[in-house]
Undergrad: 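The structure's right below; bear with me while I get my questions together.
Side-chain atoms are counted along with the backbone in the values below, which use heavy atoms only and exclude waters and symmetry mates.
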Amino acid sequence: MDLSVTAEDEAFRAEVREWLAQNLRGEFEQLRGAGGSGREHEAIELRTEWEQALGAAGWIGLGLPQSVGGRGATLMQQVIFAEEYARADAPGRVNHMGEYLLAPTLVAFGSEELQRRFLPGVLKGEEMWCQGYSEPGAGSDLAGVRTKAVLKDGSWSIEGQKVWTSLAFHADWCFVIARTEPDSERHRGLSYLLVPMDQEGVDIRPIVQITGSSEFSEVFFDDARTEARYVVGEPGDGWRVAMGTLGFERGVATLAQQVGFQRELDQVIADARESGTVEDPQIAERLVQAWIELRVMRYQALRTLGTNEPAAASVSKLLWANWHRRLGELGIDVRGAAATVLPAEPYELTREQAVFLYTRADTIYAGSNEIQRNILAERVLGLPRG
Amino acid sequence: MDLSVTAEDEAFRAEVREWLAQNLRGEFEQLRGAGGSGREHEAIELRTEWEQALGAAGWIGLGLPQSVGGRGATLMQQVIFAEEYARADAPGRVNHMGEYLLAPTLVAFGSEELQRRFLPGVLKGEEMWCQGYSEPGAGSDLAGVRTKAVLKDGSWSIEGQKVWTSLAFHADWCFVIARTEPDSERHRGLSYLLVPMDQEGVDIRPIVQITGSSEFSEVFFDDARTEARYVVGEPGDGWRVAMGTLGFERGVATLAQQVGFQRELDQVIADARESGTVEDPQIAERLVQAWIELRVMRYQALRTLGTNEPAAASVSKLLWANWHRRLGELGIDVRGAAATVLPAEPYELTREQAVFLYTRADTIYAGSNEIQRNILAERVLGLPRG
Amino acid sequence: MEFTLNDEQRDLQQTLRGFVERHASGKVVRDAAERGEGFSAPVWVRLTGEMELTGLAIDPAHGGAGASFVEVGIALEELGRSLVPVPFLVTVTAAHALGGPDVDAERAAPLLERITGGCVATVSLGENSVRSTGARAGVTLNGQLDHVLDGPHAAFVIAAVEDDDGPALYGIDLAADGVVVEAQATMDQTRRQATIRLSDAPATLLTPAGDAGAAAVERAREILSVALACEAVGAAARCLEITVKYLGERVQFGRPIGSFQALKHRCADLFVALESARSTAAYASWVVDGAPQELPTVAPLSQLVCGEALLQIASESIQLHGGIGFTWEHDAHYFFKRAKSTELLSGGNRYLRRLVGQRAGII
Amino acid sequence: MEFTLNDEQRDLQQTLRGFVERHASGKVVRDAAERGEGFSAPVWVRLTGEMELTGLAIDPAHGGAGASFVEVGIALEELGRSLVPVPFLVTVTAAHALGGPDVDAERAAPLLERITGGCVATVSLGENSVRSTGARAGVTLNGQLDHVLDGPHAAFVIAAVEDDDGPALYGIDLAADGVVVEAQATMDQTRRQATIRLSDAPATLLTPAGDAGAAAVERAREILSVALACEAVGAAARCLEITVKYLGERVQFGRPIGSFQALKHRCADLFVALESARSTAAYASWVVDGAPQELPTVAPLSQLVCGEALLQIASESIQLHGGIGFTWEHDAHYFFKRAKSTELLSGGNRYLRRLVGQRAGII
């Protein structure tokens, strides 16, 4: 066990920092802090341009093998890039689904043909992706998928509905889990399809959230079509492909996320000083506890970096989701009565109000607290199924 | 809704108070504060004498109808007696099982013959009772009882083991739930038997607890005998009889218990002042919160007094057990490092150490937190069984 | 001692429950919330008109029904169940404050009669920058009242002002010259606020100088606390009912999610919180008239206990609903926003807890 | 950066795990606890003799193995799993304190050699009444040291004393004239304490005056915190293992109680606490030698996080075991008593939290 940082890594960090300093300027300067959870609607077009600049400089697909056009960076370099990116307050990624979920899935499960067709679009920041997993009747229960796809006239015809799809309006493609074997049940008979969004058979309707804003959408497929060959892995093997995707790069993303969390916490601490509520011993204690827990989340992420166990993923999700939700509460408690009033109609929120309300979703999406606890109890601790 | 107290009730209160003042003196003076949870071993003989003095003055079986020798007191008078008793710091009752569980059960389900045989002993404080419900394999799951009884030579022969029987060593009789129909399952085929403790077939072994003291026992029945007629209700109907017993007088006992809780809390507050830890904002907040919750428990007990719903019983148990356990923690936190050292070997405890350790049992015995939550969720809220 | 409701009280409860279900829930609430007003005038007209609800506890001499605060508490709970967007809570708080023992009855009378006449009244009892000038007869006020609940719909406000000779209650007509009412957008869409600016605004001094004035202000605050407690119990009860119902219907993994024990146990804990709150609010609403000497402790205690129960239930309700629970179209967020906003406006639960601790002589 | 253990470290872990399972758990612990000593001499002899465990991180010049605190942390965790009743924690804390940068190496050397020779050392680093008199050479101490962990078995103690020129560390031979060691009965039966009375007791001053002395005292406290953190992780891990195993075996209502989801979810939360603690202790044990500038914050943080995890797990373990969990014959209470006693001796988790907050510049 040695947590020292190597000279090579320090050099890489300097390179990243320099590039960001040179490039996140001019018209991109305004993107600092844009996007991310609960604010995905901000400055989408300019963020897309920024993403292409990243791609041109080779910063997308850092961890992918050089053989498929990636950079083959070490895990630690990926962490360094993600941390520096967050530290520079560079904008939330429009195509994180493409880079962090689709691309590694293609590398792991996709044919060479599919890799050649789809990886360049992701690596250049030119084709945006969204995720088609959750359904109204299958939120926590992914194996309950009811969206169907059948081969018809040489292409997949897709019928069904997905929900909680983020950035669906801006995506060119969606990776969809659909049932391709008519009478199959649960995990069997699912396929992982790549479906173009710009077609008549796809209808997108925004879901307005508790915040009054809309980050997620419902996506309706009504005879939506995609080519027969656009299936990742074998038809019927979609569950394994999708599950493989869920674990990728978690540690890297987690460590980067913590940089943002630290910035949010620092802001709450500053607010508490400004409003004088830091003098309240209970507020002070909660601020310190939040700081401590964020450190612990970092130690936890470092210790489990590169491991791909369900334990690490579920522990990480529970820790950050609950932490962030509590930070949201702390952020408005620090403001007191003033936090009950909005800056403007219709339902425009302050930063701390947005975090307070939006973080109610953190413990629900991407595997709710309850699902994570089931996983830990049954798959990790081995407690008997009910 | 009117919570005012009537003049009659005030007069009754004065009578009780006067009697206690006149009688809890002389050699009984030393009994103040003796007995009760975690200290049942204290001064048993003298407490038994005290109990007989109570019986002689007509203070036992206050709520029982006059027709069976009780006093026919109103619910409010029962509350007043119990509160004044607690306020005088009069000793924990040796025969609470006899008075509060057996006697009402006999009145509700027992034949006139059984009432004539057993009620006088309870009302005079001359026959002590213990409870034979829990078993090693059926702690939370009372319907899982495996103790068996068969009629043999005109008497019940009992085989089996009970646990968590308090004051078993001092009891003359035990009310035992036993399976009297050989192949019956769950709630069916159980009987409620009255079994003398002083016989060869009964073996009592103390259970040493986390505190190093022993309030509870295991009771082994090996061809233990009791007369065929000593069964309450019909043979096979024991489940209904036992369940009927569980709810009796809960509200009265709860309100009296709260008087003792208030005394314990006052002592912790005094300790916090003495040790200076009351200046610690977190300790201060916990003290206030404990005070608030005790008030709430009182409002809750008053509102549900006389109702016999499972909701009220389970809410009350959860509230007091968790409150008391937290008070135990607060009591030693207030003392700090000093609380890590015992007053003497072998394992003699201070008052606050005893409460801290003993209250771990409060959330387990008499229906654990988990059982109470099951009852509330399924029987009260109507959530579907799993 | 009798904790159960009498027949008249039960009738009141049933009547209101039926009225709210038919005329003042669901779409009515949602429309008022969405319109940015948080106020349903038609519901208010019916409640104050045919039902004479705001006059419930007002002396019959002023057109009221002369009931106790227990009846007011029942009404608050029933309206709270659906977060009915009417300024009932602030109006009855104003009425009960005006009817208090330390208030100048003659000056209060016309204000009480405006309430029984259907006017919206509100209260502003927190710290503020308002100062008085002039004699008792022609007094004017300057300064600002913040976070005035339902202020945008109110005809007058009963405000606590720190006078040179101690705290005092003033009645301020919001239509008077020198008064500017600025409606605020609020996180809680079902109860809006106003900022009220006073520039030489005329006002009626309602309390004598010294201790009596301070007592009247304190009592008004306590009434507000108890009123919020009763309302919170209604909201909490309904929010838990909705949640339990959803858990019984929503199927995942092939069974209703309400059959999963982890969710059951959490619902059981919520039920315990609700029952505790219910008992506390009932006791507190009796104390207002039945044992006023207990009010200084019981009032903030009830607000704390009931407010925490509502916040806990509303917060868990979102989580237990899963994805649908944090959408704009579901009602869960209304309860949650009401709960948190009420807590923030009180100075926070930790403030209430300290107040109780001080008054109980613990700290 | 590499968070996993290397081969030697894994060997150490496995060797100790096997040794403890075979020779230092179950009846050994119970006997030591019941005898009122909380100390197993045979286990200590083997650990310090053939296994040379207390010399692990001592400089080879003094007979040690020259390892880092990471190895010490591994050993603490393994012994913590069974609450092995030996004074390893205090002895290695004393050793690491003696080897610190601000300690007079020449004076520390004989004490370090006593440790590698198998002696029990302990530390007393909290506030006390002890004051020094005399020159550096012939200094004597007067006063009392309370709550000295494993004091009844120790040969010498490293004590923090407030000197006129600042805090200082002293070595005190407990066999010397003027020293009275009084064993205390303790709630935690697996780790006893002593009160040590000093009357003109001879002592060795180990630190220079001023900031360096203060730094040495502070570092010793930090080492103690990290040591307690590592031990707590071992105890917490074992306690959770025992609990999960029981839940898988105990049948109620016709099924293993571990299949009930409410209990599962609580175990999952305990696992999260354990994993967090494990990561924190690992990081902190690396920081001791690898990034000592972080120690002032990381040390109390690690004690807090790991201590809370142990307390939470041990407390829930009793509840999840049901009736058997609060009996004297079951091990659950040992973990619980260790957890709570350790917290109380630290000044309470709220004290540690404030310390972290101050050092992190938040409050």
Side-chain angles (χ1 to χ4, degrees), chain A residues 134 136-144 163-164 185-186 206-214 216 277 280-283 286 325 329 332-350 353 356-365 368-371 373-374 377 386, chain C residues 33-36 126-127 146-147 149 183-189 191-195 250-255 257 259-263 266 311 314-315 318-330 332-334 336-338 340-351 353-354:
Chain A
S134 291
S140 292
D141 178 16
L142 192 50
V163 285
W164 311 119
E185 282 194 357
R186 309 289 305 154
I207 300 172
V208 184
Q209 294 144 207
I210 187 173
T211 47
S213 65
S214 174
F216 297 108
T277 44
D280 182 311
Q282 201 198 55
I283 294 283
R286 288 166 65 195
R325 198 170 73 177
E329 292 163 356
I332 68 160
D333 284 346
V334 150
R335 285 290 188 195
T340 64
V341 174
L342 308 187
E345 296 278 13
Y347 223 70
E348 188 175 303
L349 300 171
T350 63
Q353 288 167 341
F356 170 64
L357 292 174
Y358 187 79
T359 50
R360 308 321 288 189
D362 284 345
T363 52
I364 296 173
Y365 76 83
S368 67
N369 281 0
E370 291 72 24
I371 291 297
R373 291 192 185 108
N374 283 346
Chain C
E34 292 285 346
R35 274 202 322 276
E127 284 178 26
D146 291 312
H147 303 297
L149 293 180
Q184 299 288 334
T186 48
M187 182 164 69
D188 174 4
Q189 299 143 268
R191 180 144 65 207
R192 302 300 165 115
Q193 302 172 16
T195 300
R250 167 82 172 167
V251 173
Q252 293 270 279
F253 303 101
R255 42 195 269 213
I257 59 174
S259 69
F260 287 103
Q261 197 200 31
L263 307 192
R266 282 156 61 182
L311 184 55
S315 168
I318 292 178
Q319 182 71 23
L320 291 167
H321 273 87
I324 194 77
F326 66 94
T327 62
W328 191 258
E329 64 173 318
H330 195 277
H333 68 114
Y334 291 140
F336 181 63
K337 290 167 178 173
R338 168 67 61 90
K340 191 66 201 179
S341 294
T342 305
E343 192 216 325
L344 289 167
L345 289 168
S346 76
N349 286 334
R350 61 196 189 280
Y351 166 77
R353 197 172 289 116
R354 265 170 238 156

Undergrad: Specify the closest pair of heavy atoms between A/Pro281 and C/Arg354, including all atoms of both residues, with the distance to one decimal.
TA: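 Smallest heavy-atom distance, with atoms named: CD-NH2, 4.3 Å.
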Undergrad: So which part of A/Thr277 gets closer than 4.5 Å to some heavy atom of chain C, the side chain, the backbone, both or neither?
TA: side chain
Undergrad: Is the backbone of C/Thr186 close enough, under 3.5 Å, to the side chain of A/Tyr347 for a donor and an acceptor to pair up by distance?
TA: no
Undergrad: Test side chain to side chain contact (heavy atoms under 4.5 Å, CB included) on C/Thr327 and A/Gln209 and set out the steps.
TA: CA-CA 4 Å; C/Thr327 62; A/Gln209 294 144 207; 5.8 Å; no
Undergrad: Which bit of C/Arg338 comes within less than 4.5 Å of chain A, counting heavy atoms only: side chain, backbone, both or neither?
TA: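 No part of C/Arg338 comes within 4.5 Å of chain A.
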Undergrad: Which residues pass the salt bridge (Lys or Arg N to Asp or Glu O under 4.0 Å) test with A/Glu348, sequence neighbours left out?
TA: none
Undergrad: What are the two closest non-hydrogen atoms of C/Phe326 and A/Ile364, and how far apart are they?
TA: CD2-CD1, 3.8 Å
Undergrad: Which heavy atom of A/Ile371 sits nearest a heavy atom of C/Phe253, and at what distance?
TA: CD1-CZ, 3.7 Å
Undergrad: Could you look at A/Asn374 and say if it's the side chain, the backbone, both or neither that has a heavy atom under 4.5 Å from chain C?
TA: neither
Undergrad: Check step by step if side chain to side chain contact (heavy atoms under 4.5 Å, CB included) holds for C/Leu344 and A/Asp333.
TA: CA-CA 7 Å; C/Leu344 289 167; A/Asp333 284 346; 3.7 Å; yes
Undergrad: Can you measure from CH2 (C/Trp328) to OG1 (A/Thr211) and round to the nearest 0.5 angstrom?
TA: 8.0 Å
Undergrad: Side chain from CB out, backbone as N, CA, C, O: work out which of these in A/Pro343 comes under 4.5 Å of a heavy atom of chain C, or both, or neither.
TA: neither
Undergrad: Heavy-atom pairs under 4.5 Å with chain A - which of C/His330, C/Glu329, C/Gln193, C/His321 has more of them than the others?
TA: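 The option with the most such pairs is C/Gln193.
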Undergrad: If I measure from the heavy atoms of chain C, does A/Arg373 come under 4.5 Å with its side chain, its backbone, both, or neither?
TA: side chain
Undergrad: A/Ile332 versus chain C, heavy atoms under 4.5 Å apart: side chain, backbone, both or neither?
TA: both
Undergrad: Step by step, would you call A/Phe356 with C/Met187 a side chain to side chain contact (heavy atoms under 4.5 Å, CB included)?
TA: CA-CA 11 Å; A/Phe356 170 64; C/Met187 182 164 69; 4.1 Å; yes
Undergrad: Do the side chains of C/Gln184 and A/Thr340 get nearer than 4.5 Å, heavy atoms only?
TA: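 Not touching, per the 4.5 Å side-chain cut-off.
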Undergrad: Where does A/Ala344 contact chain C at under 4.5 Å (heavy atoms): side chain, backbone, both or neither?
TA: backbone
Undergrad: Taking all heavy atoms of A/Trp164 and all of C/Ile324, pick out the closest pair and write down the distance.
TA: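 Shortest heavy-atom separation between A/Trp164 and C/Ile324 comes out as CZ2-N, 3.8 Å.
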Undergrad: When you compare the side chain of C/Ile318 with that of A/Ile210, does any pair of heavy atoms fall below 4.5 Å?
TA: yes
Undergrad: Where the side chain of C/Gln319 meets the backbone of A/Thr363, is there a donor-acceptor pair that is under 3.5 Å apart?
TA: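 Yes: the side chain of C/Gln319 pairs with the backbone of A/Thr363.
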Undergrad: What part of C/Thr195 is in contact with chain A, defined as an atom under 4.5 angstrom from a non-hydrogen atom: side chain, backbone, both or neither?
TA: neither
Undergrad: When heavy-atom pairs shorter than 4.5 Å are enumerated against chain A, which of C/Glu34, C/Gln261, C/Gln189, C/Glu343 gives the highest number?
TA: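 Counting heavy-atom pairs under 4.5 Å, the top option is C/Gln189.
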Undergrad: For the pair C/Gln252 and A/Glu370, evaluate side chain to side chain contact (heavy atoms under 4.5 Å, CB included) and give the outcome as yes or no after the intermediate values.
TA: CA-CA 12 Å; C/Gln252 293 270 279; A/Glu370 291 72 24; over 6 Å; no
Undergrad: Is A/Glu345 salt-bridged to C/Arg35, going by a charged N under 4.0 Å from an acidic O?
TA: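 Judged by the 4.0 Å cut-off on N to carboxylate O distance, A/Glu345 and C/Arg35 do not form a salt bridge.
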Undergrad: Using every non-hydrogen atom in the two residues, find where A/Leu357 and C/Phe336 come nearest and quote the distance to one decimal.
TA: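 So the minimum-distance heavy-atom pair works out to CD2-CE2, 4.1 Å.
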Undergrad: Can you tell me which portion of A/Ser134 sits under 4.5 Å from chain C's heavy atoms? Options are side chain, backbone, both or neither.
TA: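 Neither the backbone nor the side chain of A/Ser134 comes within 4.5 Å of chain C.
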Undergrad: Given a strict heavy-atom distance threshold of 4.5 Å, which part of C/Tyr351 is in contact with chain A: side chain, backbone, both, or neither?
TA: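 No part of C/Tyr351 comes within 4.5 Å of chain A.
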Undergrad: Give, as side chain, backbone, both or neither, the part of C/Arg255 having an atom under 4.5 angstrom from any heavy atom of chain A.
TA: neither
Undergrad: Can a donor-acceptor pair be found, under 3.5 Å and without considering hydrogens, that links the side chain of C/Lys340 to the backbone of A/Glu329?
TA: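 Such a contact is absent between C/Lys340 side chain and A/Glu329 backbone.
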Undergrad: In chain order, what residues pass the salt bridge (Lys or Arg N to Asp or Glu O under 4.0 Å) check against A/Arg325, with sequence neighbours excluded?
TA: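 Once residues adjacent in sequence are excluded, A/Arg325 has no partner under the salt bridge (Lys or Arg N to Asp or Glu O under 4.0 Å) criterion.
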Undergrad: Using every non-hydrogen atom in the two residues, find where A/Ala337 and C/Leu345 come nearest and quote the distance to one decimal.
TA: CB-CD2, 4.0 Å
Undergrad: For chain C, which of A/Ser368, A/Ser214, A/Pro346, A/Gly212 has the most heavy-atom pairs under 4.5 Å?
TA: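 Going by pairs under 4.5 Å, I would pick A/Gly212.
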